[in-house]
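Reviewing the structure listed below.
Order of the sequence lines sets the chain letters (A, B, ...), proteins ahead of strands, with each chain counted from 1. Computation of the quantities below employed the complete heavy-atom set of this structure, encompassing side-chain atoms and omitting hydrogens, waters and symmetry-equivalent molecules.
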2 protein chains.
Amino acid sequence: MASTRRERARDATTAEIKATARALLVAEGPDALTVRAIARTMGLTPAALYRYFGGHEELVTAMCGDVLDEITATLEAARDTVGLEDPMGRLMAICRAFREWSLAHPREYQLTFASMIDKPLVGPGSDQGEDGIAFGSVFLGVFAEIWAHRPFNVPADDQLPPALVLQLREFSARTGEILPLGVLVAYLSGWVRLYGAVTIEVFGHLGFALADPEPMFEAMLADMRRAMTTPVS
Amino acid sequence: MASTRRERARDATTAEIKATARALLVAEGPDALTVRAIARTMGLTPAALYRYFGGHEELVTAMCGDVLDEITATLEAARDTVGLEDPMGRLMAICRAFREWSLAHPREYQLTFASMIDKPLVGPGSDQGEDGIAFGSVFLGVFAEIWAHRPFNVPADDQLPPALVLQLREFSARTGEILPLGVLVAYLSGWVRLYGAVTIEVFGHLGFALADPEPMFEAMLADMRRAMTTPVS
DNA sequence: TTGTTTATGCGAACGTTGTTCACTATGCTG
DNA sequence: CAGCATAGTGAACAACGTTCGCATAAACAA
């Protein structure tokens, strides 16, 4: 990609900045993620960083992109731990990997997944951002696998609220129309449940009742499986 | 409470500070929630505020408490819209009210429910904070109502993972031992699903697929109802 | 090789933030 | 009335994000 020497050096510095920022984030928390601190630990003047980033916000946005790439790779690796003959197992592997990564990287999680839409909007496939789509397609892909392998009981289109059907049609068109709307509902519900379970645990908002939420997480996964293995009636 | 004149004046100022902070938060966003800005809009010196609050963090913590009280009152009001003969309807009212309040007050929601455990830890009943317990007991109370009104199918204690049983026993002891452990599981699962669905919507992380997540939210409520109306087998 | 351009970094500065401190009034209390 | 706690002031400090003009070194054209 980077042909000329200059471009290579520039990319290296950019990477070093992001790496330093990342290290600062995990070591000192989000409040320490400051332009001046990054410059300081790199032996640079704060002003110098503005040759590489438009400002503080742009820098953390770039970091979110990196995080999203990293977690996408992690999920794919976890997914490929399980063979294609067991797509449900692949989904479970993804979910568990998502939880474990998030618990191991709470700061990054907060930055990337628990920010308002003001900031970089992400989900499993975000409006803006290529990284987001990649992240989302990992999930969507395995749902397609599951459906192809063994269809389960999903509501027919005319059993869904009309308002929902309209939105799902749009979403389906955007994602290649590979799945029935009912499967998209399962996909979205699954993502919402996973996101919620992980977020509440990362924030510690379950500590009032459970010191170790893992069994509850597994129970949620079991319920998710149950919903997706009801035979077609 | 406040007998002497001085104390009354002090409490009034304290309240005005929190009100100003709140107004600033909703009008300008969390970044504008600054000690100096509050003092400025009140016609005070920044230093003066330190007679009332230990610092910025303590101030937003106090605000979170207020928010928690406010939302608790809102949920109770919504709950009492439905008569005692329909406890499930009361739960649904609470859930919908929680979603609507959160969508109408995203900044407050972010501050109160989407902060790390570093900050004020809250959940439906938090480790620290009386407001949290009040908030949580609204939920727990209606679950008790439902169970008393019509028991549903919950796993027996020996069907639950032993690690979970131990934690649930502790939690049960802390909350008065009024419910079987399986009902506590339903309660916690319900809170996790509600929290997740609302959080993901408030953050806009569902916008990649749905412009209006309300039907999906209703579907989640329906599934919650289903899980809590399976007759005892 | 020489001259020109362009990217990179520096240093200083501005306005903002949270917070502390010495000081001055004001109003309550004995 | 005397004494004292309290509320508020103003100035200061360190740290922040950001901008500007100036140097320097690398890349390129002649």
Separation of A:R10 atom CZ from C:dT8 atom P, in whole Å?
5 Å
Using a 3.5 Å distance criterion without hydrogens, assess whether the side chain of A:E201 forms a donor-acceptor pair with backbone atoms of A:L206.
no
B:F53 CZ to C:dT20 P, in whole Å, measures 15 Å
Provide, to the nearest angstrom, the distance between the CG atom belonging to B:L59 and the P atom belonging to C:dT17.
15 Å
Rounded to whole Å, the CE-C1' distance (A:M42 to C:dC10) equals 15 Å
Calculate the interatomic distance between A:D31 atom CG and C:dG18 atom C1'; express it in whole Å.
12 Å
Side chains of B:T13 and B:Y52 in contact at under 4.5 Å (non-hydrogen atoms)
yes
Whole-Å distance, B:D11 CG to D:dT6 P, equals 14 Å
Distances under 3.5 Å between protein N/O atoms and the N/O atoms of nucleotides 22-29 of chain C, please, pair by pair.
from, atom 1, to, atom 2, distance (Å)
C:dC28, OP1, B:R5, NE, 3.2

I'd like a list of close polar pairs between nucleotides 13-18 of chain D and the protein, N/O only, cut-off under 3.5 Å.
from, atom 1, to, atom 2, distance (Å)
D:dC16, OP2, A:R40, NH2, 2.4
D:dC16, O3', A:T34, OG1, 2.9
D:dG17, OP1, A:T34, OG1, 2.9
D:dG17, OP1, A:V35, N, 2.8
D:dG17, OP2, A:T34, OG1, 2.5
D:dG17, OP2, A:V35, N, 3.1
D:dG17, OP2, A:R36, N, 3.0
D:dG17, N7, A:R36, NH1, 2.4
D:dG17, O6, A:R36, NH1, 2.7
D:dT18, OP2, A:Y50, OH, 2.8
D:dT18, OP2, A:H56, N, 2.7
D:dT18, O5', A:Y50, OH, 3.2

Short side-chain to backbone donor-acceptor contact, B:S137 and B:A134, under 3.5 Å
yes
With distance as the sole criterion, is a donor-acceptor pair present between the side chains of B:Y195 and A:T199 under 3.5 Å?
no
With a 4.0 Å limit, can you tell me whether B:Y52 has a side-chain N or O closer than that to the phosphate oxygens OP1/OP2 of D:dT6?
no
Single hit among A:E108, A:E16, A:E28 for salt bridge (charged side-chain N to carboxylate O under 4.0 Å, His left out) with A:R22:
A:E108
Residue pair A:E214 / A:R99, side-chain heavy-atom distance below 4.5 Å:
yes
So, using side-chain contact (heavy atoms from CB on, under 4.5 Å) as the criterion, who are the partners of A:T74 when residues are at least two apart?
A:W101
For the pair B:R174 (side chain) and A:F208 (backbone), establish whether a donor and an acceptor sit closer than 3.5 Å, ignoring hydrogens and angles.
yes
Could you tell me how far apart A:R8 (CZ) and D:dA26 (C1') are, to the nearest whole angstrom?
14 Å
